[in-house]
Asks: 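Before we start, here is the structure in question, set down as structure tokens.
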2 protein chains.
Amino acid sequence: MLMHNPPHPGEVVREFCIEPLGLSVTAVAKSLGVSRKTLSSILNGHAGISPEMAVRLSIAFGTSSESWMNQQSQFDLWRAEQHRAELNVERLVAA
Amino acid sequence: MLMHNPPHPGEVVREFCIEPLGLSVTAVAKSLGVSRKTLSSILNGHAGISPEMAVRLSIAFGTSSESWMNQQSQFDLWRAEQHRAELNVERLVAA
DNA sequence: ACGCATTGTAACGCGAGTCGTAACAGCTAT
DNA sequence: ATAGCTGTTACGACTCGCGTTACAATGCGT
């Protein structure tokens, strides 16, 4: 029932994980064990947080992997809900 | 922190949505607006519940799309957590 | 002013995942 | 036997995460 335009989870990573620690994108990517481009794509909203990436973030920053998964799936769901009307699904009842 | 082998969300769809109503897979697929193969793949655990499918299920069965998203992401996360050890991620601290 | 690090991004390929159609075999009920 | 439902295979289309490489732009220290 969350209706409002959630931020890309990548924004959250930058704002609440990287900036507070004063780290560079390059350094964080290296620690995460992914390419700089991969992390950059996430931070700038061009890619989502994959399940594997959620685990990486949880290790590197000492957070919970569930929170990253939840943020991402809420974001994905919000986009899908935008097209709820064009889905052409019939309501089901007992037969 | 959920540690236990979660069921494929497809199992849940069959057990708690389709069987109770006594509906056929074919009929449900038609109502959902997807192919019979697509639904069958989900029910038998060969495909996950996409964000769009979560919305379709929520319309057809009058459930919440969030619950389907959560079940799927918990399942995906559980699989990713199985490889937490081989991820080779460095713990980050302030610089 | 000059290097140097950092950053965003484009181009390309790879593998995985969702989805569709078409077709098949197996099952059950009429 | 005919019909319906089911799982599954094969094929292709599309999206997405990820890697490498390379480029342009920015900022910083000397």
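Residue numbers begin at 1 in each chain, while the letters A, B, ... track the order of the sequences.
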Asks: Checking A:Gln72 side chain against A:Ile49 main chain: does a donor-acceptor pair fall under 3.5 Å?
Replies: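 A pair under 3.5 Å: yes.
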Asks: Please examine the side chains of A:Ser65 and B:Glu81, heavy atoms only from C-beta on, and report whether any two atoms are closer than 4.5 Å.
Replies: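 Result yes, sub-4.5 Å side-chain heavy-atom pair found.
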Asks: Can you see whether B:Ser41 engages B:Lys37 through a side-chain donor-acceptor pair at a distance of less than 3.5 angstrom?
Replies: yes
Asks: Side chain of A:Thr26 only, heavy atoms from C-beta on: which candidate in C:dT6, D:dG7, D:dC5 is closest?
Replies: C:dT6
Asks: Is there a side-chain contact between A:Leu39 and A:Thr26, using heavy atoms and a 4.5 Å cut-off?
Replies: no
Asks: Check whether any side-chain heavy atom of A:Leu21 sits under 4.5 Å from a side-chain heavy atom of B:Val93, and report yes or no.
Replies: no
Asks: Who passes ring pair (Phe, Tyr, Trp, His ring centres under 6.0 Å) against A:Phe75, sequence neighbours left out?
Replies: A:His8
Asks: Can a side-chain donor-acceptor contact be found between B:Trp68 and B:Thr63 if the only test is distance below 3.5 angstrom?
Replies: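 Indeed, the side chains of B:Thr63 and B:Trp68 share at least one donor-acceptor pair under 3.5 Å.
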Asks: Which pair of non-hydrogen atoms, one from B:Arg84 and one from A:Ile59, has the smallest distance, and what is that distance?
Replies: NH1-CG1, 3.3 Å
Asks: In whole Å, what is the span from the CG atom of B:Leu43 to the P atom of D:dC5?
Replies: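 Nearest whole value for this atom pair: 15 Å.
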Asks: From CG of A:Asn88 over to C1' of C:dC19, roughly how many Å is that when rounded to an integer?
Replies: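 Computing the A:Asn88:CG to C:dC19:C1' distance gives 16 Å.
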Asks: In this structure, how many angstroms lie between the P atom of C:dA5 and the CG atom of A:Leu23, rounded?
Replies: 18 Å
Asks: From NZ of B:Lys30 over to C1' of D:dG4, roughly how many Å is that when rounded to an integer?
Replies: 12 Å
Asks: Looking across every strand, which nucleic acid part, if any, lies under 4.0 Å from B:Ser24 by heavy atom: base, sugar-phosphate, or nothing?
Replies: sugar-phosphate
Asks: Please encode protein proximity along nucleotides 10-30 of chain D as a string of B, S and -, counting only heavy-atom distances under 4.0 Å.
Replies: B------SSBB-B--------
Asks: Which parts of nucleotides 25-30 of chain C does protein reach within less than 4.0 Å, heavy atoms only, written one letter per nucleotide 5' to 3' as B for base, S for sugar-phosphate only and - for none?
Replies: ------
Asks: Taking only side-chain nitrogens and oxygens of B:Arg14, does any of them come within less than 4.0 Å of OP1 or OP2 of D:dT6?
Replies: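 It does not, given that no N or O in the side chain of B:Arg14 lies less than 4.0 Å from OP1 or OP2 of D:dT6.
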